[in-house]
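Contents: one structure, followed by commentary.
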Amino acid sequence: MRVATWNVNSIRSRLDRVLDWVARSGVDVLAMQETKVKDEAFPHEAFGALGYEVATFGFSQWNGVAIASRVGLGDVVRTFPGQPAWGDPPAVEARALGATCGGVRVWSLYVPNGREIADPHYEYKLAWLAALRQAAGDWLHDEPTAKIALVGDWNIAPLDTDVWDPAFFAGRTHVTPAERDAFAAIADAGFTEVSRAHLPGEHVYTYWDYQQLRFPRNEGMRIDLTYASPALAAAVTGVTIERNERKGAQPSDHVPVVLQVDVP
DNA sequence: ATGGTGGAAAGTCCA
């Protein structure tokens, strides 16, 4: 079974490219982030024509997550327990969606960006990650043999070699010790980030900004990552980063990351 | 080749 994650940066503006890739890649499950569409406007029919059901969670033009599956879509849950709120009035955002697909509990996650270190959004990001660590630890505690995948756009580069120029990011978000500690805390809860073991190279990126020729210059970041529970980590036999999906007309600024999972 | 920001409740905010 193949499980993919992709920050699509608007499913409506990206629909043809996403469907084309889904058909070519033959993934069984696709977790999407930044769908930027409310639930009632999501293009379910287009996915249905390819044999995929889709669970969606979106309120507005911001954020939005979805999971498309052709191997079942059960126990759909919107938001994780304890997920912090944001805004005025405070509201829980559309950044986390869980569903069980082919025996794997998939969570499509869009971690808050953080904006600037001095911005309240940065503290929101850290609180969001701390709450996720608690929830994920509880899931594993309740069912130690569960196959759980925490996939998505983490908006954190765990290593200096996950960005094109550490000096550029000095004083900016995505690389601070507090963010990296919050990311590492998911591992303390019993999960393993599985993409690096399969793709250990340095300067292997999943995102390139639209500005400043970042992609032609290969100036990117590795921020789309996958934490797996022990049972799932043992079943992952390969990971690919679909770099070609950053090329051509009207790409997302992120590319898909695909897990090959050896499930019975 | 992969090309000089893009998306959206737009005229500003978010990334």
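Since the structure is predicted, the reported quantities are computational estimates derived from the model, not experimental observations. Throughout, a chain's letter reflects where its sequence line sits, starting with A, and its residues are numbered from 1.
- With sequence neighbours excluded, no residue forms a side chain to side chain contact (heavy atoms under 4.5 Å, CB included) with A:Asp181.
- Remark: side-chain polar atoms of A:Lys147 are not paired, donor with acceptor, to backbone N or O of A:Val106 under 3.5 angstrom.
- Checking B:dA9, B:dG6, B:dG7 against every side-chain atom of A:Ser60, the shortest atom distance belongs to B:dA9.
- A salt bridge links A:Asp162 and A:Arg222; the closest N-O separation between the charged side-chain nitrogens and carboxylate oxygens is under 4.0 Å.
- Not one N or O on the side chain of A:Asp142 forms a donor-acceptor pair closer than 3.5 Å with the backbone of A:Trp139.
- Contact check for A:Lys125 versus A:Asn113: no side-chain heavy atoms found under the 4.5 Å cut-off.
- You'll find the side chain of A:Pro158 reaches within 4.5 Å of the side chain of A:Arg196, heavy atoms only.
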Pair A:Tyr122-A:Thr176, side chain to side chain donor-acceptor pair (under 3.5 Å): steps then yes or no | CA-CA 11 Å; A:Tyr122 178 74; A:Thr176 65; 2.7 Å; yes
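- If you take atom C1' in B:dA15 and the same atom in B:dA10, they sit 15 Å apart, rounded to whole Å.
- Comparing the same atom, C1', in B:dG6 and in B:dG11 gives a spacing of 16 Å after rounding to whole Å.
- Judged by distance alone, the side chain of A:Arg180 and the main-chain N or O of A:Ala157 form a donor-acceptor pair under 3.5 Å.
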If you look only at distance, which donor and acceptor atoms sit under 3.5 Å apart when one is on a side chain in residues 66-75 of chain A and the other is two or more places apart or in another chain?
residue: A:Ser69; atom: OG; partner: A:Val71; partner atom: N; Å: 3.0
residue: A:Ser69; atom: OG; partner: A:Gly72; partner atom: N; Å: 3.4
residue: A:Ser69; atom: OG; partner: A:Gly72; partner atom: O; Å: 2.6
residue: A:Arg70; atom: NE; partner: A:Asp28; partner atom: OD1; Å: 2.9
residue: A:Arg70; atom: NH2; partner: A:Gly26; partner atom: O; Å: 2.8
residue: A:Arg70; atom: NH2; partner: A:Asp28; partner atom: OD1; Å: 3.3

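- Per the geometry, NZ belonging to A:Lys125 stands 15 Å off P belonging to B:dC14, to the nearest Å.
- Of the side-chain N and O atoms in A:Gln212, one or more sit less than 4.0 angstrom from OP1 or OP2 of B:dT5.
- For DNA chain B, the neighbouring residues in residues 214-222 of chain A, judged by any heavy atom under 4.0 Å, are A:Phe215, A:Pro216.
- B:dG7 atom C1' lies 13 Å from atom CD1 of A:Ile11, rounded to whole Å.
- Looking at A:Gln61, its side chain has no donor and acceptor atom pair within 3.5 Å of the base of B:dA8.
- Taking the O4'-C1'-N9-C4 or O4'-C1'-N1-C2 dihedral as appropriate, B:dA10 has a value more than 90° from 0 and is therefore anti.
- Nucleotides of DNA chain B nearest to A:Asp209 and A:Trp86 differ in position, and the one nearer the 5' end is that of A:Asp209.
- Following rounding to the nearest Å, A:Glu93 (CD) and B:dA9 (P) show an atom-to-atom distance of 17 Å.
- For the pair A:Asn63 CG and B:dA9 P, the computed distance is 14 Å after rounding to whole Å.
- Among the heavy atoms of the strands, none lies under 4.0 Å from A:Tyr207.
- Here B:dC14 presents its P atom at 9 Å from CG of A:Asp119, a figure rounded to the nearest Å.
- For the pair A:Arg172 and A:Phe168, the cation sits on the ring face: its NZ or CZ lies under 6.0 Å from the ring centre, inside 45° of the axis.
- A:Leu213 has its CG atom 11 Å from the P atom of B:dG6, to the nearest Å.
- Listed nucleotides B:dG3, B:dT5, B:dA9 differ in distance to A:Tyr210; the shortest reach to its side chain belongs to B:dT5.
- Taking the P atoms as reference points, B:dA9 lies 25 Å from B:dG4, given to the whole Å.
- Ring planes of A:Trp128 and A:Phe80: perpendicular class, angle over 60° (limits at 30 and 60°).
- Each of A:Arg12 and A:His121 was matched to the nucleotide of DNA chain B holding its nearest heavy atom; the match closer to the 5' end belongs to A:Arg12.
- Partners of A:Glu245 by salt bridge (charged side-chain N to carboxylate O under 4.0 Å, His left out), not counting sequence neighbours, listed by chain and number: A:Arg17, A:Arg24.
- Contact check of residues 34-44 of chain A against DNA chain B (heavy atom, cut-off under 4.0 Å) returns A:Lys36, A:Lys38.
- The side chain of A:Arg95 lies closest to B:dA15 when the candidates are B:dA15, B:dG6, B:dA8.
- Taking the six-membered ring for Trp and the full ring otherwise, A:Phe57 and A:Tyr110 have centroids separated by 6.0 Å or more.
- Per the geometry, CD belonging to A:Glu116 stands 12 Å off C1' belonging to B:dC14, to the nearest Å.
- Rounded to a whole Å, the CD atom of A:Gln33 is 18 Å from the P atom of B:dG7.
- Contact check of residues 242-252 of chain A against DNA chain B (heavy atom, cut-off under 4.0 Å) returns A:Lys247, A:Gly248.
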